[in-house]
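Input: a single structure, listed below in structure tokens.
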Amino acid sequence: MFARRLLYWISMAAGLVLAIVPLPGWLDPFRPDLALLAMIYFVLTSPRIAGLGYAWLSGLFLDVLRGMVLGQHALGFLVVGYLTHKLQLRMRMFPIVQQAVIVMLLLGLYHFLMFWIDGLTGHSFTGWVRWLPVLSGALLWPLVVALGDSLTRRSS
Amino acid sequence: MVELSHDSRPIIGRGPPLTAYFLTLAALSVGLMVADQRYQQIDRIRESLSRVIYPMQRAVDFPFRATDWVTGSFADRSRLRQENLALTTRLRLANLQLQRFAVLEEENRRLREMRANSAGIAEKVLVASILNVDLDPFRHRVLLDKGAADGVFKDQAVLDGDGIFGQVSKVNASTAEVILISDAEHAIPVQSNRSGVRTIAVGTGDQNKLSLPFVTVESDLQEGDLLLSTGMGGVFPPGYPVAQVSKVKRAGSTFALVEAKPTAKLDQAREVLLVWFKPPAEPAPVAGDKPPTPSSTPVEDSAAVAPPAQAGGE
């Protein structure tokens, strides 16, 4: 249990670090939301450890890290975490491709929320480029699952 | 595959009711967002959170700094010599110009004294390096390694060796966020060095382009004109280069399409200067809308508010 908790926090920190690592210019818009994907994974596999509080807090850290309006990513993470909690019993049964589709929908919702809040707070950016992480995140989902499974098997 | 294993939520004793928890946290986030937009006190929360975040930012920055250091310390001798030679030449030239500059400065000081106008020249600078972290691909913000602990304040002007770089938008304990002049939300009052035309340069979201949307077709701006900061609004020190006009198109009937290229190396700079200066005492009857601000905190984005058309009597 403790190992799981530790693993959760470490992967969250890793996801947050990867959210600000400089990428070459052309790759930058594709940057997947790894912290969010890690959160979804842990909510699916260990919902009793990775609760909404964890999700919210990691979103809040992302806000500070990126200098956004405080609470913006926190709300996004919270909504995605809540929906994943609601869907988790079903989602676990799905084959990986179907899971990836659901994850894409969740990411789409998340980015729509971000887009909406950006607009409300006067930072709107309307280019289509901002939707690319939805695609890259969904494509990365199988990889996240594989990595997470191998890590949790070792730690438990 | 996700395992269907040991940790499924049991049917009995599910812990706190999920929806209530969700709604509470959601309300809390919305409250935070509203507070962040309205009240300054929220910055304290941000600052304490940023202390937790700081090691992460350092960790991301570290490999870049380390490779810099390694390549720097193992640079071969001939390259160092070449660099040294080039730098010596530049220094000699700069010294030459400095001698002339000293005379001019003295003259300028005397003239300004005659006008009883304090010069808005940088009084103190602090070198800060830019941390290698990516904040947001859609906004032009960078993170400096100096923060409130070093006396950095909000709206402080940031320069690099070639011109105006941006202004501080958020101050954390040991870091500060800077909004570049090329950010789409930034505007800076400028003046043409050649003709004295005053206008506002607005960021476009492209690091090599500023747009000057309020230039009329008749106004005297040409390609190649150097645009200097005016110091209006009290954020930037006056007289520093901002951009060079790169395109003038007088197609429409009222406003010309004018673009300018920032002189500061917005995408290459590794180190920048934080500037403390005394804002020039504005000639009260002309400057109009706000009383001359003393050294205290300038109004946020007041650069954008400064009226463009006050070509005054400078």
Review point. Do B:L32 and A:L60 come close enough that some side-chain heavy atom pair is under 4.5 Å?
Key: yes
Review point. Taking C-beta and beyond as the side chain, do A:D118 and B:R139 meet within less than 4.5 Å on heavy atoms?
Key: yes
Residue part contacting chain A, namely of [X], when any heavy atom lies under 4.5 Å:
X     : value
B:V34 : neither
B:A26 : both
B:Q57 : both

Review point. Does anything in residues 67-74 of chain A get under 4.5 Å of chain B by heavy atoms, and if so which residues?
Key: A:G67, A:M68, A:V69, A:L70, A:G71, A:Q72
Review point. Taking atom CH2 of A:W9 as the centre, does the number of heavy atoms from other residues, nucleotides or ligands within less than 6.0 Å exceed 12?
Key: yes
Review point. Under 6.0 Å from the CZ atom of B:R65, do we count more than 12 heavy atoms belonging to anything else shown?
Key: yes
Review point. When only pairs under 4.5 Å are counted, which of A:L65, A:L23, A:I117 shares the most heavy-atom pairs with chain B?
Key: A:L65
Heavy-atom contact with chain B under 4.5 Å, split by part of [X]:
X     : value
A:L18 : neither
A:A19 : backbone
A:R31 : side chain
A:D63 : backbone

Gap separating the [atom1] atom of [X] from the [atom2] atom of [Y], nearest 0.5 angstrom:
X      : Y     : atom1 : atom2 : value
A:L120 : B:M33 : CG    : CE    : 8.5 Å
A:T121 : B:Q37 : OG1   : CD    : 5.5 Å
A:L16  : B:I53 : CG    : CD1   : 6.0 Å

Point to revise | Residues that B:F64 engages under ring-ring contact (aromatic ring centres under 6.0 Å, His included), provided they are two or more places apart | key: none
Exercise for review: Before giving the answer on side chain to side chain contact (heavy atoms under 4.5 Å, CB included), spell out for B:T19 and A:K86 the whole-Å C-alpha distance, their side-chain angles and the decisive distance to 0.1 Å.
Suggested key: CA-CA 10 Å; B:T19 310; A:K86 283 276 172 196; 3.9 Å; yes
Study note, to complete from the structure: For B:F22 and A:V79 the tightest heavy-atom approach is CE1-CA, 3.8 Å
Practice item. Taking all non-hydrogen atoms of both residues into account, name the closest pair between B:S29 and A:L75 and its distance. Key: OG-CD1, 3.7 Å
Exercise for review: Applying side chain to side chain contact (heavy atoms under 4.5 Å, CB included), run through A:Y82 and B:L25 and close with a yes or a no.
Suggested key: CA-CA 11 Å; A:Y82 176 69; B:L25 284 177; over 6 Å; no
